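To keep things clear, I will list the structure first and then write my remarks on it.
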Protein chains: 2
Amino acid sequence: MKSPPPSNARALRSADKLKLETQLCFALYSTLLGVNKVYRSLLREFDLTYPQYLVMLVLWDKDRVNVSEICDQLFLETTTLTPLLKRLEARGLIRRRRSAEDERQVIVSLTDEGRALRQQVKHVPDCLGAAMGGSLEEIVELRDKLKKVRSKLFEAA
Amino acid sequence: MKSPPPSNARALRSADKLKLETQLCFALYSTLLGVNKVYRSLLREFDLTYPQYLVMLVLWDKDRVNVSEICDQLFLETTTLTPLLKRLEARGLIRRRRSAEDERQVIVSLTDEGRALRQQVKHVPDCLGAAMGGSLEEIVELRDKLKKVRSKLFEAA
DNA sequence: TGCGTTTATATCGCGCGCAATACAAATTGT
DNA sequence: ACAATTTGTATTGCGCGCGATATAAACGCA
């Protein structure tokens, strides 16, 4: 009713910026909670978590990569990936072996079961597209805007 | 070079949909990793995590709410919030008391220290805006598109 | 009144996600 | 050749985030 207009019509008052609905970051955060929720129900039958599924995506694209290359592609730390990879190995989807050329490196490769899984999950991206709604154009646009924000964030941090 | 064009020029082949760079979900996931990274460095001095900060945002907007109302606003489960709230209480920022009217409810309220913290962090949203770049219009547009995706995801799951 | 159901919160177990730290292999500089 | 540095991975500790489960309070209804 009597809310005073800010001096600059495009700016927000400090109090408004502290509101949840205003914040892009919270929209991102809460949307990802929804993404995880959907992936959980989709990947449940394969006994996979979403981060594990992401590692499989990396390997299906390029087999036999070392740990730090997976780190780089997924924006994750070794600390996160080492135990995750061990679980994938225990599950029988991947193998981990020290490189012969460079003993420091651990080469991650797909097992036959890991390779075979690809066919079973190939419908998953479509399931998510359906769950999120929107046209292909909208999805591509949103994705590329996020990538831009992501690169800004990682160079800022 | 010799990649066969799909029957529908706007559609993607199943193999391409399984690539990381193609996926909107991974863009979301990895962008949030960047968001968390920036928030960690910003909130470090206040000894706050990002989810804890979100709870404070809820309380600064409306003091004296029960746990499930915080759950609803943050899209989180009680399971996540109960221990988080205990940590905030141990840190001296909030109080937790059983409601007198309904003994099942736990009413969460700000301490003086919790209320005072608001002034100290009010620059944080601007810091993130700067870290993410982009105009206010772009941010608002991206935020609202994410909200739309979020509502779809939660009704799908 | 009494009994089944719903609601609100809590406990437990597990898998991320990262900072701090450790350590061995590889590389570099002298 | 050897010491210092860098690189690649692993270990530990802690805070989410949620499914499965538990429990007490409130409610509904015969």
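Just so we're on the same page: letters track the sequence lines, and every chain starts at 1. This one's a predicted model, so the numbers in the text were calculated from it and none came from an experiment.
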Exercise for review: Treating Ile, Leu, Val, Met, Phe, Trp and Tyr as nodes and any side-chain heavy-atom pair under 4.5 angstrom as an edge, say whether B:L146 and B:V140 lie in one connected cluster.
Suggested key: no

Review point. Closest nucleotide of DNA chain D for B:P51 versus for A:P83: which of these residues is on the 5' side?
Key: A:P83

Point to revise | Phosphate-side-chain proximity, A:T79 and C:dC18, N/O vs OP1/OP2 below 4.0 Å | key: no

Review point. For A:Q105 and C:dA24, what is the distance between atoms CD and C1' respectively, to the nearest whole Å?
Key: 14 Å

Check your understanding: 5'-most contact on DNA chain C: A:T49 or B:K37, nearest heavy atom basis?
Key -> A:T49

Point to revise | Side-chain donor/acceptor contact of B:R104 with base of C:dT7 under 3.5 Å | key: yes

Practice item. In whole angstrom, give the distance that lies between atom CZ of B:R40 and atom C1' of C:dA19. Key: 8 Å

Check your understanding: Of B:E77 and B:E101, whose nearest nucleotide on DNA chain D comes first from the 5' end?
Key -> B:E77

Point to revise | Any A:R96 side-chain N or O less than 4.0 Å from OP1/OP2 of D:dA10 | key: yes

Practice item. From the options C:dT9, C:dG17, C:dA26, select the nucleotide whose nearest atom is closest to the side chain of A:E103. Key: C:dA26

Practice item. Please state whether the rings of A:Y29 and B:Y50 are parallel, tilted or perpendicular, taking 30° and 60° as the class boundaries. Key: perpendicular

Check your understanding: Between A:F154 and A:F75, what is the ring plane arrangement, given parallel below 30°, perpendicular above 60°, and tilted in between?
Key -> tilted

Exercise for review: Starting at atom CG of A:L81, determine the distance to atom P of D:dA10, rounded to an integer number of angstrom.
Suggested key: 10 Å

Review point. Under 4.0 Å between a side-chain N/O of A:S68 and OP1 or OP2 of D:dT9, yes or no?
Key: yes

Practice item. Look at all strands and tell whether B:E69 reaches a base, only sugar-phosphate, or nothing, counting heavy atoms closer than 4.0 Å. Key: nothing

Point to revise | Exceeds 12 heavy-atom contacts within 6.0 angstrom, atom NZ of B:K147 | key: yes

Check your understanding: Starting at CG of A:N36 and ending at C1' of C:dG17, how long is that distance when rounded to a whole Å?
Key -> 12 Å

Check your understanding: Does a nitrogen or oxygen in the side chain of A:T80 sit under 4.0 Å from OP1 or OP2 of C:dG17?
Key -> no

Point to revise | Along DNA chain C (nearest heavy atom to each residue), the more 5'-positioned of B:R44 and B:V106 | key: B:V106

Check your understanding: Does a side-chain N or O from A:R98 land closer than 4.0 Å to OP1 or OP2 of C:dA25, or not?
Key -> no

Check your understanding: A:L85 has an atom CG; how far is it from atom P of C:dG15, in whole Å?
Key -> 14 Å

Practice item. Assess whether side chain to side chain contact (heavy atoms under 4.5 Å, CB included) is satisfied between B:L59 and B:V108, documenting all intermediate values. Key: CA-CA 8 Å; B:L59 292 172; B:V108 181; 3.8 Å; yes

Study note, to complete from the structure: Atom CD1 of B:I107 and atom C1' of D:dA25 are separated, to the nearest Å, by 14 Å

**Study point:** Separation of D:dG8 C1' from A:N66 CG (nearest whole Å)
**Key:** 8 Å

Review point. Roughly how many Å is it from CG in A:L33 to P in D:dC16, rounded to a whole number?
Key: 13 Å

Check your understanding: Does A:Q52 put a side-chain nitrogen or oxygen below 4.0 Å from OP1 or OP2 of C:dC16?
Key -> yes

Check your understanding: Is B:Y29 near enough to C:dG17 that one of its side-chain N or O atoms lies under 4.0 angstrom from OP1 or OP2?
Key -> yes

Review point. Is any side-chain nitrogen or oxygen of A:K86 closer than 4.0 Å to OP1 or OP2 of D:dT11?
Key: yes

Point to revise | Test item: A:R98 and A:Q105 side chains (from C-beta on) under 4.5 Å apart, heavy atoms | key: no

